[in-house]
Amino acid sequence: MKTDYTTKKRGKRGFTLVELLAAMAVFMIIMTVLLSFLASAQRVWTGCINRNRLYADARTAMNLMARDLQCAFYENEQTPFWNDTASANPKRICFITATPNKPSDADSRLIEAQYMYDSTNYKIQVSYTGDNSSDWNFYGSNASTAFGSSGSSPDGETFQDLIPYVIDFDITCFDNKMNILDSSSTTEKYEFPYAVKIELTLLDAANFTKWRASGNDDLRDNNIRTFTRMIIIGNRGQYD
C-alpha cells in the first residue's frame, strides 16, 4: 500500500507566526488584568490594615483615659483636676486617680495622671507619678502653681507615648447641669467635672506619612477620623 507522506507532513504542522503573536497578545492582556486586580486588592488590603490599626489605637487610648477618669479622686476644697486644653501648648489634662498603672515606688493607690498632646510630634503621651516621687506635687496644692502657667512644660515627669498620628486632641468638661467648664478660665479649668468629653482626631500611618512629606492639607482633611466619647464621672461631693 502506498503511504501518503504529504498528509503526514501536513499533520505535524506547527503554529504560524501570526498565531503565536495573537496568543501572546491574549496572554499579555490576561496577565495585565490579573496584575491590575492583584494591585487593587493589595491596596484595599493595606488600607484595611491601616484603618484597623487606627481604630485599635483610638480604642486603646479612649479606654485608658475613660478608665482613669472614671476612677478620678475628689476631695472637698482641694483642686485635684486640671483641664488645660483650650489654647495651651501643650494641651494636657491632669488629675488624681486610683489607676492600676501605678509606679513601682508608689505606696498610695492615688496616682497623679497626666495626658498631654505633643502637637510638634503629633502624639499623645501619658505620665503616672506616685506619692514617693519628687515630682508628686499636684494633690493638696493649687494646680496652677504645681504645673506652672498655661503652656509651660511639665515639671520633670516621665512621659510615655500612648498613641501616634494624632492631628488634634480636645477635652471638654461639664458641670452637673451639663454646662461647659471653660478651660481658658483661671477658675473653671480647675473645677472637678461631672462629665468629660474626649475627642481624638487621627490619621492612619500611610496617609500621615504622605501628608508630612507633601504638606497637602487636603489629603489630611479627606482622611482624618474623629473619635468621640462621653465619660460620666458623676457627683462625688463637688456639687450640692
Side-chain angles (χ1 to χ4, degrees), residues 35-72 81-95 97 99-102 111-129 151 153-154 157-174 180 183 193 195-233:
L35 289 174
S36 177
F37 172 78
L38 290 174
S40 298
Q42 180 65 31
R43 284 195 297 269
V44 171
W45 179 257
T46 302
C48 288
I49 291 175
N50 287 330
R51 282 193 295 273
N52 286 340
R53 287 175 179 170
L54 181 146
Y55 281 86
D57 285 346
R59 183 168 56 252
T60 299
M62 287 287 198
N63 288 344
L64 185 60
M65 286 187 280
R67 185 197 63 193
D68 286 346
L69 283 166
Q70 287 171 338
C71 294
F81 204 97
W82 188 27
N83 173 31
D84 198 9
T85 58
S87 58
N89 184 23
K91 294 180 178 180
R92 52 191 164 170
I93 184 169
C94 319
F95 52 96
T97 182
T99 177
N101 292 331
K102 71 175 188 175
I111 304 301
E112 177 188 310
Q114 292 191 62
Y115 288 92
M116 181 177 70
Y117 174 47
D118 182 352
S119 58
T120 302
N121 297 303
Y122 299 97
K123 60 186 177 181
I124 289 178
Q125 298 177 298
V126 61
S127 170
Y128 293 112
T129 305
S153 300
E157 284 85 351
T158 300
F159 282 80
Q160 297 179 342
D161 293 346
L162 175 61
I163 178 174
Y165 315 127
V166 181
I167 305 304
D168 201 5
F169 172 59
D170 281 303
I171 295 282
T172 306
C173 295
F174 301 86
I180 294 176
S183 61
V196 177
K197 183 174 73 172
I198 303 173
E199 289 183 283
L200 277 176
T201 303
L202 309 175
L203 265 178
D204 62 81
N207 283 309
F208 180 86
T209 301
K210 292 177 183 177
W211 168 59
R212 295 298 291 160
S214 66
N216 185 350
D217 289 343
D218 288 336
L219 184 151
R220 176 199 62 192
D221 296 341
N222 291 333
N223 291 281
I224 58 175
R225 297 290 184 271
T226 298
F227 302 86
T228 304
R229 180 178 293 188
M230 180 69 80
I231 300 152
I232 304 299
I233 297 177

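Nothing here was measured: the structure is a model prediction, and the numbers come from that model.
- For the atom pair OG1 of T201 and CD1 of I224, the computed distance is 5.5 Å after rounding to the nearest 0.5 Å.
- Shown here are the side-chain hydrogen bond (donor to acceptor under 3.5 Å, both in side chains) partners of R220, two or more places apart in sequence or in another chain: there are none.
- Under the side-chain hydrogen bond (donor to acceptor under 3.5 Å, both in side chains) criterion, K102 pairs with no residue at all, not counting sequence neighbours.
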Hey, can you pull the donor-acceptor pairs under 3.5 Å for the side chains in residues 59-66, sequence neighbours left out?
residue, atom, partner, partner atom, Å
T60, OG1, A56, O, 2.9
N63, OD1, R229, NH1, 2.9
N63, OD1, R229, NH2, 3.0
N63, ND2, R59, O, 3.2

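- Listed by chain and number, the residues in a side chain to side chain contact (heavy atoms under 4.5 Å, CB included) with N222 are D218 (sequence neighbours excluded).
- Residues forming a side chain to side chain contact (heavy atoms under 4.5 Å, CB included) with S214 (at least two apart in sequence, or on another chain): N216.
- Interatomic distance, T172 OG1 to I180 CD1, rounded to the nearest 0.5 Å: 6.0 Å.
- When the salt bridge (charged side-chain N to carboxylate O under 4.0 Å, His left out) test is applied to D161, the partners found at least two apart in sequence or on another chain are K123.
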Candidate pair I93 and I198, rule side chain to side chain contact (heavy atoms under 4.5 Å, CB included), full reasoning: CA-CA 11 Å; I93 184 169; I198 303 173; over 6 Å; no
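- Across all their heavy atoms, S127 and T129 have their closest contact at OG-OG1, 3.8 Å.
- Under the side chain to side chain contact (heavy atoms under 4.5 Å, CB included) criterion, F208 pairs with Y122, Y165, I167, L203, W211, R212, not counting sequence neighbours.
- Shown here for T97 and D68, the closest heavy-atom pair between the two residues is OG1-O, 2.8 Å.
- Between L200 and F169, some side-chain heavy-atom pair lies under the 4.5 Å cut-off.
- Going from atom CD1 of I231 over to atom CD1 of I171 covers 7.0 Å, rounded to the nearest 0.5 Å.
- Looking only at distances, no side-chain donor or acceptor of Y115 sits under 3.5 Å from a matching main-chain atom of L162.
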Full working for salt bridge (Lys or Arg N to Asp or Glu O under 4.0 Å) between K91 and D170: CA-CA 8 Å; K91 294 180 178 180; D170 281 303; 3.2 Å; yes
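- With rounding to the nearest 0.5 Å, the separation of CH2 in W82 from CD in Q114 is 8.0 Å.
- Not counting sequence neighbours, the partners of A58 by the side chain to side chain contact (heavy atoms under 4.5 Å, CB included) test are L202, F227.
- For D221, the side-chain hydrogen bond (donor to acceptor under 3.5 Å, both in side chains) criterion is met by no residue, not counting sequence neighbours.
- Taking 4.5 Å as the limit, some side-chain heavy atom of K197 sits within range of a side-chain heavy atom of T228.
- Taking the side-chain hydrogen bond (donor to acceptor under 3.5 Å, both in side chains) definition, one finds that R67 meets it with T99, sequence neighbours left out.
- F95 is linked by a ring pair (Phe, Tyr, Trp, His ring centres under 6.0 Å) to F81, counting only residues two or more places apart in sequence or in another chain.
- With values rounded to the nearest 0.5 angstrom, L54 atom CG is found 13.5 Å from I49 atom CD1.
- Separation of atoms CD1 (I233) and CD (Q70) is listed at 8.5 Å; rounding is to 0.5 Å.
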